[in-house]
Undergrad: 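After the structure tokens below, expect a handful of questions from me.
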Amino acid sequence: MSQSTHVFHRQLAKRPPVAVSGQGIWLRDAEGRSYIDASGGAAVSCLGHGHPDVIAAMHRQIDQLAYAHTSFFTTEVAEQLADLLVGSAPAGMSHVYFVSGGSEAVEAALKMARQYFVEIGQPQRRHFIARRQSYHGNTLGALAVGGNEWRREQFRPLLIDVTHVSPCYEYRGRLPDETPEAYGQRLVAELARTIEELGPDNVMAFVAETVGGATAGVLTPVPGYFKGIRDLCDRHGILLILDEVMCGMGRTGTLHACEQEGVVPDLLTVAKGLGGGYQPIGAVLAQGRIVEAMRQGSGLFQHGHTYLGHAVACAAALAVQQVIQRDHLLTQVRDRGAYLASRLRDELGDHPHVGDIRGRGLFWGLELVQDRATRQWFEPSLKLHARLKSAAMEEGLMIYPMGGTVDGRCGDHVLLAPPFISSEGEIDQIVARLRRSLDRVVSDIGLTS
Ligand SMILES: Cc1ncc(COP(=O)(O)O)c(C=O)c1O
């Protein structure tokens, strides 16, 4: 194959390998090299690649009907998927709005929040509060609520004004003499002050990833944090939008990550694991009273895209979710997740450049540091995360490393999100290859491991 390309790739300096096939947790490129998909791409491929039941469901749908625009029709498959999602949703969720991915889900949720307040006669509410170091997508609304400085910087003049508070980032945020619970309440108090400053009646929603993902490397909430946030939002009539595009749909061991926090959001965004990468699909799950306000008010949600509720995407997602239920894969996520955690701790727990190992289910992050004792990060110009990604690819391992963990500029982490079907033997291989890749990178930059 020629080296020139007309594809506007993510990186313009070099062309990525050409993926040609996938089976289970393995991908193969055109040169015949195999890679273990230890990150599910970006926490997407929950069933791995080439799952026969999902492919068969997609074939059936294509043969019957590939596409019907949602301003004319609904489809059986979209109705069935919505039934399944509402049937397994947190209490009070009555409807599902289907979109084509995570950013679209977040955009839709932001606009639902705004329209809800207009419909119920509170049009003065116009502020979103979100968290630093969060990621909610790359479209302008989602980028505005996101808190990653590097991603926002050059687009700042285009972004709506959003107020950001501290993330729940125990490794760097909790004081040495503070309990996790006290740390969580300190963060809730910070949000309370921010709400007071903006005027409680002017705030629409607090937006947060239940378990932080891409930009800070799997930030798990401390006990009581989200309960405190939920109470605060209720006190002021503010909506809680939980973004589970990455951490949801079983990734952390429960279908929705918020189940483990004992809170129910007003709007819940999901994507990635919903369709497992077989088709682009995302969704917003909405509380009944939000939908009801629109039904009794203007009678519509003033939004829409051409591919809402695409029939083949819904068929793929329905099949993915049915396989997860049928094969009891959430139990497997919890079991294999515990195994992955123990293997990571055994192999990398004492590594001089692994500062923190954190996660839930099959969603794990390792924060990399130059010095474990001081938690000093690597010099950002070293681009440790990029070196690690290349070294891992050479080892035949797909992982999801990122820089800017600490503040958008400094710090490095690596995220692991293997498919739910990974075996213990495959997890052993993931951890061994990760260790070799990390050792190679630190030795290349003249450090020891
Ligand atoms: C929490 C979260 N929200 C939104 C998005 C954006 O999703 P997409 O890339 O499908 O637009 C992501 C993607 O990583 C995400 O992790």
Side-chain angles (χ1 to χ4, degrees), residues 10 39-46 97-113 128 130-148 150-152 155 162 164 167-169 205-221 226 240-252 256-258 261 265 267-285 305 307-308 310 313 316-317 320 359-365 385 398-405 408 413-417:
R10 284 174 180 254
S39 55
V44 173
S45 302
C46 53
Y97 190 84
F98 290 118
V99 290
S100 300
S103 302
E104 278 189 16
V106 171
E107 294 290 335
L110 299 178
K111 287 179 72 178
M112 274 179 202
F128 288 113
R131 303 187 298 181
R132 289 190 290 280
Q133 292 312 97
S134 58
Y135 183 60
H136 296 294
N138 265 330
T139 50
L140 292 176
L143 191 62
V145 284
N148 181 271
W150 174 75
R151 287 177 197 248
R152 290 164 51 90
F155 302 106
V162 173
H164 290 95
C168 188
Y169 186 179
F206 178 65
V207 187
E209 295 160 271
T210 314
V211 177
T215 50
V218 191
L219 296 183
T220 49
F226 271 114
L240 176 61
I241 302 178
L242 290 182
D243 181 356
E244 299 202 358
V245 163
M246 188 174 258
C247 66
M249 301 316 294
R251 179 54 55 201
T252 65
H256 303 295
C258 58
E261 302 313 306
L267 295 168
L268 178 67
T269 57
V270 294
K272 299 180 186 275
L274 174 60
Y278 287 89
Q279 285 287 284
I281 184 164
V284 186
L285 280 67
H305 298 289
Y307 298 118
L308 293 187
H310 192 284
V320 167
R360 280 185 193 166
L362 282 171
F363 194 42
W364 285 83
H385 55 99
M398 290 165 59
I399 51 176
Y400 196 44
M402 195 67 76
T405 316
H413 67 263
V414 49
L415 191 148
L416 299 176

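When a ligand or atom number is given, it counts from 1 through the structure's own listing order. We're numbering straight along the sequence, starting at 1.
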Undergrad: Among protein heavy atoms, which lies nearest atom 16 (O) of ligand 1, and at what distance?
TA: Met246 CB, 3.4 Å
Undergrad: Is there a heavy atom in Lys272 that sits closer than 4.0 Å to ligand 1?
TA: yes
Undergrad: Donor-acceptor pair, distance only, cut-off 3.5 Å: does the side chain of Arg251 make one with the backbone of Leu362?
TA: yes
Undergrad: What I want to find out is whether Glu104 reaches Lys111 closely enough, with some N-O distance under 4.0 Å, to be called a salt bridge.
TA: no
Undergrad: Taking Thr405's backbone N and O only, do any of them form a donor-acceptor pair with Gln133's side chain (distance below 3.5 Å, no angle check)?
TA: yes
Undergrad: Please test Leu415 against Phe363 for side chain to side chain contact (heavy atoms under 4.5 Å, CB included), starting from the C-alpha separation and ending with a verdict.
TA: CA-CA 7 Å; Leu415 191 148; Phe363 194 42; 3.9 Å; yes
Undergrad: Counting non-hydrogen protein atoms only, what is the nearest one to atom 5 (C) of ligand 1? Give residue, atom name and distance.
TA: Val245 CG1, 3.6 Å
Undergrad: Under a 3.5 Å distance rule, please check whether His136 uses its side chain to pair with a backbone N or O of Gly141 as donor and acceptor.
TA: no
Undergrad: Taking non-hydrogen atoms only, is Glu209 closer than 4.0 angstrom to ligand 1 via side chain, backbone, both or neither?
TA: side chain
Undergrad: Between the side chain of Glu244 and the main-chain N/O of Thr269, is any donor-acceptor distance below 3.5 Å?
TA: no
Undergrad: Number the atoms of ligand 1 from 1 as they appear, then name those within less than 4.0 Å of a heavy atom of Asp243, with their elements.
TA: 1 (C), 2 (C), 3 (N), 4 (C)
Undergrad: For ligand 1, indicate whether the residue Ser103 contacts it via side chain, backbone, both or neither (heavy-atom separation under 4.0 Å).
TA: both
Undergrad: Heavy-atom contacts with Gly102 under 4.0 Å: which atoms of ligand 1 show up? List them by number with element.
TA: 6 (C), 7 (O), 8 (P), 10 (O), 11 (O)
